[in-house]
Number of protein chains: 2
Amino acid sequence: MINFTYYNPAKIIFGRNTEQEVSVEVAKYGKKVLLHYGGGTIKKIGVYDKVVNALKAQGIEFIELGGVMPNPKLSLIQEGIKLCREHQVDFILAVGGGSTIDSAKAIAVGVPYEGDVWDFYMNGMQAKEALPIGVILTIPAAGSESSDSSVVTKEEGELKRYYGTHLMIPKFAILNPETTCYLPDYQTACGASDIIAHLMERYFTQVDHVDFTDRMIEATLKTMFSYAPLALLEPQNYDYRAEIMWAGTIAHNNLLNTGRIGDWASHDIEHEISGIYDIAHGAGLSIVFPAWMKYVYNENQDRFVQFATRVMNVDFAMDQKEMIIEEGIRRLESFYVKLGLPVRLSDIDIHEDRLQEMADKTVLGRGTVGNFKKLTADDVYEILKLAL
Amino acid sequence: MINFTYYNPAKIIFGRNTEQEVSVEVAKYGKKVLLHYGGGTIKKIGVYDKVVNALKAQGIEFIELGGVMPNPKLSLIQEGIKLCREHQVDFILAVGGGSTIDSAKAIAVGVPYEGDVWDFYMNGMQAKEALPIGVILTIPAAGSESSDSSVVTKEEGELKRYYGTHLMIPKFAILNPETTCYLPDYQTACGASDIIAHLMERYFTQVDHVDFTDRMIEATLKTMFSYAPLALLEPQNYDYRAEIMWAGTIAHNNLLNTGRIGDWASHDIEHEISGIYDIAHGAGLSIVFPAWMKYVYNENQDRFVQFATRVMNVDFAMDQKEMIIEEGIRRLESFYVKLGLPVRLSDIDIHEDRLQEMADKTVLGRGTVGNFKKLTADDVYEILKLAL
């Protein structure tokens with residue numbers, strides 16, 4: 001176990017009808033709110049009306065900025081910053097999924113900053129202050145509702161970049177699993193895949209003596225492996241949705257990487273696939289992760305044996321380590337297939353022609369990606385070939 | 001799963017040599033510190049010198065109040081409140097275990113309050129403000145380092161009472177497992193028993209559909225069942241101590257009772273045993289918990305079957321539920337015995353004569369204790385008889 005600092009002051013308000021608590025929470029921090037959201041889903045499922053009515057009942061002024069797209073765009077963020085300054089907004093309320101929250105976080109650090117908000121994402125600038133933000137989450141996936149980070153895409157050059165600061169941790173996050181019962185199956189599956197990837201990126205570490213956090217990650221993975229398929233069978237089941245929603249937050253609030261170093265190469269590789277092809281992040285991850293596993297497992301067989309036995313319940317004889325590991329990976333692939341997710345690039349009609357380009361872009365500007373095994377462009381190319 | 005709010009803003013600083021970070025953290029909140037501790041242990045193991053030197057190097061003024069005893073006493077707390085007012089202390093730094101931290105929490109809410117601090121513990125008064133506190137933990141057991149509560153004993157009438165408010169959550173807690181390598185075996189065992197009890201009090205719930213938190217509690221229990229015996233075999237092993245220390249904090253920071261209702265009867269019963277007899281809290285718990293389990297398991301056999309199979313690895317045929325449950329309890333008892341803890345009142349020379357008195361005192365002023373099964377004085381008497 002390595003030394004660590006853990007700090008997460010986000011207040012989680014979880015359960016049925018919890019949207020109604022939004023006005024009391026907002027009133028603690030702000031008088032003039034930017035209500036930030038994506039498309040029409042929150043209006044269709046009634047969350048928008050609930051929120052707007054709660055704010056009005058409390059006499060809280062607000063202005064609106066909708067239109068956040070998946071992979072939130074810098075241009076809308078810059079529009080949001082301008083709007084907040086013009087209207088002297090002092091609180092940002094994000095209603096939706098990870099993209100909306102990430103967009104809100106970028107606006108929050110951008111408003112009090114004199115320069116271009118992109119400086120934080122690209123030029124190593126550190127934010128000194130930020131507007132407080134609050135969240136009403138409707139899609140369990142990205143974990144942004146209590147994380148300290150945000151991913152933003154600059155349209156020019158299609159640059160997708162990350163920035164993190166504790167100033168971005170939401171003051172509160174309201175999680176009502178009822179709102180997630182409306183998700184289409186494929187979105188439920190992709191969200192589950194993203195959550196599972198957040199867990200596995202942390203699980204596959206080269207740091208020794210991390211048994212407690214191993215077991216906590218395993219507990220969260222088992223929860224996802226149990227309830228994601230059940231939520232597809234019974235989309236309206238509150239209990240199944242609740243397990244997934246709470247697991248999704250814990251998967252990414254930094255508790256589960258205390259004392260360890262995660263990998264994150266699969267995320268980096270996936271970003272380049274979904275940068276070129278129009279596929280969901282979760283669907284890209286279900287393709288990349290098994291291939292990554294096959295390529296790297298000899299770097300630390302014990303860790304993969306532990307994954308296969310403790311998480312995937314493989315109980316083959318211990319003198320056949322590679323068989324155990326490969327069976328563990330096969331069971332993971334079967335799980336993805338059960339969710340209706342692709343596990344090969346060819347499943348989504350991606351073939352050999354642009355693998356080298358994706359491999360090169362993955363390591364561009366950083367030399368290697370990942371920590372479990374530091375991957376060069378050649379390594380990434382081999383992983384993509386395994387994923388064909 | 002029931003609706004819940006989870007909020008824990010304590011900053012955890014964990015690992016080797018982390019005491020040196022104390023001055024930077026303290027300086028964020030205060031200029032004049034009360035350094036609060038118990039007996040001579042922190043001086044013997046060098047923590048006192050490290051802390052004092054760090055504060056001096058940063059130019060932070062401090063006054064000292066030592067002498068906290070197990071079951072922290074109201075009289076010392078009142079002395080601390082007076083001292084803080086006289087010296088215009090604006091931050092309290094607790095160095096030690098749960099008793100020292102609980103004492104510091106009581107001083108923290110007492111200083112800005114005009115009345116008697118006992119009002120919070122006994123008379124339902126709610127604190128409106130508190131001095132900020134910080135913690136350097138040297139005994140993993142009580143979990144007070146990031147919890148929102150405190151237990152204090154008023155000498156007159158030997159009244160032991162609880163008070164909780166989010167104002168009591170420490171601003172930071174420094175956890176260096178090296179400092180726990182010096183603990184005597186019996187104290188290591190009693191601390192482990194306390195941590196395990198915090199987990200089991202939460203595990204045995206009648207709330208349905210709490211699978212994710214079940215699994216997280218199981219993960220933490222398995223960690224304790226693995227590493228507590230290993231720490232006795234190799235007291236100086238940093239890795240073992242680290243697993244226990246981090247598990248002990250998570251066991252009691254409220255994450256693991258999100259969405260569920262715990263029981264806490266075993267704690268209530270134990271308090272009356274250690275109120276009369278001179279035994280450690282952890283040793284009382286290893287006696288009470290198995291007896292409580294035997295008495296209540298028919299209230300919800302499924303939950304006890306899950307405990308026996310998932311946590312204690314009992315894999316008997318499923319049509320023999322009572323055998324599975326009882327084997328699970330026997331394995332728990334064997335575990336306690338392996339740690340050198342008592343599992344019967346007779347092991348510590350307590351016999352039948354004062355059982356009724358303890359049973360009556362347990363429910364005094366509250367009618368019943370516990371939630372898994374609401375226990376009357378008669379029930380508690382039967383549990384104590386089972387514990388003989």
Side-chain angles (χ1 to χ4, degrees), chain A residues 1-18 21 25 146 166 169 171-177 208-224 226-227 230 237-250 253 255-256 258-259 310, chain B residues 1-18 21 25 146 166 169 171-177 208-224 226-227 230 237-250 253 255-256 258-259 310:
Chain A
M1 205 187 298
I2 55 172
N3 283 15
F4 66 84
T5 297
Y6 175 68
Y7 174 62
N8 196 318
K11 178 177 180 181
I12 307 291
I13 301 166
F14 190 102
R16 294 179 197 271
N17 296 317
T18 42
E21 296 185 38
E25 292 301 321
S146 75
H166 71 92
I169 299 177
K171 298 294 178 193
F172 65 85
I174 292 175
L175 280 66
N176 177 357
D208 281 335
H209 297 292
V210 288
D211 202 25
F212 174 45
T213 39
D214 273 359
R215 287 189 187 276
M216 299 276 274
I217 297 171
E218 291 161 5
T220 318
L221 278 171
K222 285 178 190 172
T223 302
M224 292 306 302
S226 303
Y227 289 98
L230 289 173
N237 187 305
Y238 177 87
D239 299 309
Y240 302 165
R241 296 291 188 175
E243 300 281 358
I244 292 169
M245 197 169 205
W246 193 208
T249 297
I250 297 299
N253 81 344
L255 176 67
L256 301 187
T258 51
R310 283 205 202 158
Chain B
M1 204 186 299
I2 56 173
N3 283 15
F4 66 84
T5 297
Y6 175 69
Y7 173 63
N8 196 318
K11 178 177 178 180
I12 306 292
I13 301 166
F14 190 103
R16 295 178 197 270
N17 297 317
T18 43
E21 296 185 38
E25 293 300 321
S146 75
H166 71 92
I169 298 176
K171 297 294 179 195
F172 65 84
I174 292 175
L175 281 63
N176 177 356
D208 281 336
H209 296 291
V210 288
D211 201 26
F212 174 44
T213 41
D214 273 359
R215 287 188 187 276
M216 298 277 272
I217 297 171
E218 290 161 5
T220 319
L221 279 170
K222 285 178 191 171
T223 302
M224 293 305 302
S226 303
Y227 289 98
L230 288 173
N237 187 306
Y238 177 87
D239 299 309
Y240 302 166
R241 296 290 189 174
E243 300 280 358
I244 293 170
M245 198 169 204
W246 192 209
T249 297
I250 297 299
N253 81 345
L255 176 67
L256 302 187
T258 49
R310 282 204 203 160

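Lettering of chains follows the sequences in order, A, B, ..., and the numbering in each one begins at 1. Quantities reported herein were computed from a predicted structural model and do not represent experimental measurements.
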Are B/T258 and A/F14 packed together at the side-chain level, in the sense that at least one heavy-atom pair is separated by less than 4.5 angstrom? no

Tell me, side chain or backbone of A/I217 under 4.5 Å from chain B's heavy atoms, or both, or neither? neither

Shorter than 4.5 Å, heavy atoms on both sides: which option in B/Y227, B/Y6, B/F212, B/Y240 has the most such pairs with chain A? B/F212

Do you know which of B/E218, B/E21, B/H209 has the most heavy-atom pairs with chain A at a distance under 4.5 angstrom? B/H209

How far does CE of A/M1 sit from CE of B/M245, to the nearest 0.5 angstrom? 11.0 Å

A/D211 versus chain B, the contacting section by heavy-atom distance below 4.5 Å: both

Taking all atoms of both residues into account, what is the closest heavy-atom pair of B/R215 and A/K222, and its distance? NH1-CD, 3.5 Å

From A/R16 CZ over to B/I2 CD1, what is the distance, rounded to the nearest 0.5 angstrom? 12.0 Å

Heavy-atom proximity to chain B below 4.5 Å, by part of A/F172: neither

Which atoms of B/I250 approach chain A - backbone, side chain, both or neither, heavy atom under 4.5 Å: side chain

If one checks every heavy atom of A/S226 against chain B at 4.5 Å, the contacting part turns out to be side chain

So for A/T220, is it side chain, backbone, both, or neither that comes closer than 4.5 Å to the heavy atoms of chain B? both

Can you tell which part of A/Y238 gets under 4.5 Å to a heavy atom of chain B, answering side chain, backbone, both or neither? side chain

Output the option from B/T5, B/N8, B/D239 having the highest count of non-hydrogen pairs under 4.5 Å with chain A. B/D239

Interchain contact, A/A173 with chain B, by part (heavy-atom threshold 4.5 Å): neither

